[in-house]
Structure formats: C-alpha cells, structure tokens
Amino acid sequence: MRLRDSLGVKFAENVYYGFWFAPEFDLMRGMIDEMQQPVTGEVRLKLYRGNVIIVGRDRLIRSTMSGW
C-alpha cells in the first residue's frame with residue numbers, strides 16, 4: 001500500500017516536470033503496469049458533485065491466487 005501511494009506521487013511529479021522519456025519514468029510505468037495486469041473484478045462507483053464513492057467490489061482477485 002505504501003509503495004503504491006509513493007509511486008503515485010512520484011509519477012505525478014515526473015509528469016509535472018516533463019520527464020516523459022526519462023529512464024526512471026519508464027521504470028515506474030513498467031512497475032505500475034505489472035502491478036495492475038493480473039487484477040480482475042468489478043467496482044461499482046457513485047459519482048456525486050465531483051466526489052467518487054466506492055459502493056461495492058466483486059471478485060477483485062489476482063490471477064496467480066485464483067486457486068484460493
């Protein structure tokens with residue numbers, strides 16, 4: 001959880017400063033893509049006046065753990 005949060009901040013900083021083609025940015029994009037690839041499921045959201053509220057989650061599993 002902490003790694004994901006820190007990656008989000010670092011990703012935003014790199015975008016803000018225009019480091020699109022920096023090696024560090026490519027590494028971060030690769031890590032984020034790899035972390036999100038095996039996730040499957042559904043999330044129901046409620047949008048109200050610029051806010052997003054998670055209403056429900058179903059079958060959020062990683063494909064490597066699907067046998068559990």
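Count residues from 1 along the sequence. Bear in mind that the values here come from a model prediction, so they are computed numbers and not experimental data.
Applying the side chain to side chain contact (heavy atoms under 4.5 Å, CB included) test to F19 and every residue at least two apart in sequence or in another chain returns N14, Y17, A22.
Neither L7 nor Y16 shares a network with the other; the hydrophobic side chains, linked directly or stepwise wherever heavy atoms of I, L, V, M, F, W or Y lie under 4.5 Å apart, form separate groups for each. Hydrophobic clustering, with ILVMFWY side chains joined whenever heavy atoms are under 4.5 angstrom apart, groups F21 together with F25.
In this structure, CD1 in I32 is found 5.0 Å from CZ in F11, a value given to the nearest 0.5 Å. Distance check, rounded to the nearest 0.5 Å: CE of M31 to NZ of K10 gives 11.0 Å. Note that the CD atom of E34 and the CZ atom of R29 stand 15.0 Å from one another [nearest 0.5 Å].
Residues R44 and I54 are not in side-chain contact: their nearest non-hydrogen atoms beyond the backbone lie 4.5 Å or more apart. With contacts defined as side-chain heavy-atom distances shorter than 4.5 Å, the pair R57/E42 does not qualify.
Annotation for L45 and V55: closest pair C-CG2, 4.1 Å, computed over non-hydrogen atoms. Among all heavy-atom pairs drawn from W20 and D26, the shortest one is O-OD1, 4.1 Å.
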